[in-house]
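Data first, discussion second: the structure below is written as structure tokens.
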Amino acid sequence: MDNHEPNREADYGAGIIAGRNPVSEAMRSGRAIDCLYVSKGQQAGQIPALIAKAKQLGIPIKEADQRKLSHMCNGANHQGIVAVAAAREYSSLEDMLSLAEERGEPPLLVICDGLEDPHNLGAIIRSAECAGAHGVIIPKRRSVGLTYAVSKASAGAVEYIPVARVQNLSSLIEDLKSRGIWCFAADMDGSPWDKTDFAGPTALVIGSEGKGVSRLVKEKCDGVVSLPIRGRVNSLNASVAAGVLCYEAVRQRTERSR
């Protein structure tokens, strides 16, 4: 064995896989990988084949300089490539709908549009699980994945609620609507949050920290809901908004079941 060949992700921190052979084996084994980082201009040896395999598997690929790659794996010999593995396997929309059916409940889903902060995503997953939601959905690109930082921020909730990753949120929303699930974007200038019916099949769309819900995704939704802002700051943290809306759904569903 080459002593310089990275082979244990534990050497670098949770979820980090560094080096050409370890990354190749991780992809070959079917390991859930959130993102592949490749050194800028790196086209030598095994790298092009690994990039092609990642594209085939739908794994996002990002270029990074050598300094960032070295930092990610604590200075080990990364050979120009580092993979970030998911904290757990992703679920599917069908898993979520099956869970709702098993519980005898109308689906309650949370869709995160472009969240980049792992603490926010983890907090949303935690709130969704506590509220009894049936799943959280994130996009494959321009979003933090199910990293170990997200898992830690969720306080273990990722072990109990399905999390899915999809290629296109607009297409997802069209699919949900065709299944009778009402989709509501959380944004300003919408209908009052406590006057909107979340008791039936519902998907709540939470936007990114800076940009909110993207225009196209918002247009695909059935409606927009807003939380009142009484102070001087003009927006709520994404995870706080998600928690409030999830528990409004809980309140409405509890009242309807009485």
Side-chain angles (χ1 to χ4, degrees), residues 1-92 112 114-126 136-167 208-209:
M1 179 184 295
D2 182 352
N3 291 332
H4 298 291
E5 177 76 11
N7 57 65
R8 293 178 297 162
E9 65 188 76
D11 288 346
Y12 322 118
I16 298 298
I17 305 170
R20 298 171 190 176
N21 286 343
V23 170
S24 177
E25 287 300 314
M27 288 195 288
R28 189 177 67 84
S29 70
R31 179 79 180 270
I33 295 176
D34 267 330
C35 188
L36 191 69
Y37 287 87
V38 180
S39 178
K40 291 180 179 178
Q42 182 68 262
Q43 292 295 328
Q46 200 178 353
I47 299 291
L50 293 175
I51 292 173
K53 180 64 173 178
K55 289 180 178 178
Q56 180 184 345
L57 295 172
I59 298 170
I61 302 166
K62 297 180 181 179
E63 281 195 338
D65 59 31
Q66 293 281 349
R67 185 184 305 174
K68 176 169 183 175
L69 296 182
S70 294
H71 177 73
M72 291 175 71
C73 58
N74 295 331
N77 180 20
H78 50 71
Q79 301 177 306
I81 190 164
V82 172
V84 180
R88 58 162 292 181
E89 294 291 325
Y90 286 97
S91 300
S92 68
C112 299
L115 284 179
E116 297 178 351
D117 185 338
H119 299 95
N120 267 342
L121 180 56
I124 287 173
I125 291 171
R126 183 178 185 177
V136 175
I137 303 172
I138 61 176
K140 282 189 175 181
R141 299 187 183 278
R142 292 182 292 278
S143 171
V144 64
L146 201 52
T147 65
Y148 283 78
V150 170
S151 176
K152 184 176 180 180
S154 79
V158 293
E159 301 299 328
Y160 303 105
I161 184 170
V163 179
R165 195 164 61 160
V166 300
Q167 191 70 39
S208 66
E209 296 86 354

Check whether any side-chain heavy atom of Asn120 lies under 4.5 Å from a side-chain heavy atom of Val144, and answer yes or no. no
For residues 157-164, tabulate all N or O donor-acceptor pairs below 3.5 Å that involve a side-chain atom, not counting sequence neighbours.
none

If you look only at distance, which donor and acceptor atoms sit under 3.5 Å apart when one is on a side chain in residues 52-59 and the other is two or more places apart or in another chain?
none

Checking Arg28 now: which residues fulfil side chain to side chain donor-acceptor pair (under 3.5 Å) with it, not counting sequence neighbours? Glu25
List for me each residue that meets side-chain contact (heavy atoms from CB on, under 4.5 Å) alongside Lys152, sequence neighbours excluded, and say none if there are none. none
Ser208: which residues meet the side-chain contact (heavy atoms from CB on, under 4.5 Å) condition with it, sequence neighbours left out? Lys211
Could you check if a side-chain atom of Leu121 sits within less than 4.5 angstrom of a side-chain atom of Glu116, using non-hydrogen atoms only? no
Supply the atom-to-atom distance Ser154 OG to Arg88 CZ, rounded to the nearest 0.5 angstrom. 9.5 Å
Glu89: partners by salt bridge (charged side-chain N to carboxylate O under 4.0 Å, His left out), with sequence neighbours left out: none
Residue set satisfying salt bridge (charged side-chain N to carboxylate O under 4.0 Å, His left out) with Asp34, at least two apart, ordered chain then number -> Arg165
Tested for side chain to side chain contact (heavy atoms under 4.5 Å, CB included) against Pro22, the lone hit among Ile17, Val82, Ile16 is Ile17
Once side-chain contact (heavy atoms from CB on, under 4.5 Å) is applied, do any residues pair with Pro139, and if so which ones, sequence neighbours excluded? Ser143, Leu169
Given Ile61, which partner from the list Ile81, Leu50, Ile51 fulfils the side chain to side chain contact (heavy atoms under 4.5 Å, CB included) test? Ile51
Any chance you could measure Ile124, atom CD1, to His119, atom NE2, to the nearest 0.5 Å? 13.5 Å
Could you work out, with side chain to side chain donor-acceptor pair (under 3.5 Å) as the rule, every residue matching Arg126, not counting sequence neighbours? none
Residues at least two apart in sequence or cross-chain that pass side chain to side chain donor-acceptor pair (under 3.5 Å) with Ser70, listed by chain then number, are His78
Residues forming a side-chain contact (heavy atoms from CB on, under 4.5 Å) with Arg142, sequence neighbours excluded: none
For the SG atom of Cys35 and the NZ atom of Lys62, what is their distance to the nearest 0.5 Å? 4.5 Å
Flag, side chain of Tyr37 to backbone of Val84, donor-acceptor distance under 3.5 Å: no
When every non-hydrogen atom of Ala86 is compared with those of Arg31, the smallest separation belongs to O-NH2, 4.3 Å
Determine yes or no for a side-chain-to-main-chain donor-acceptor pair under 3.5 angstrom, with Arg20 supplying the side chain and Gln79 the backbone. yes
Taking every heavy atom of Tyr90 against every heavy atom of Ala32, the minimum-distance pair comes out as CD1-CB, 4.5 Å
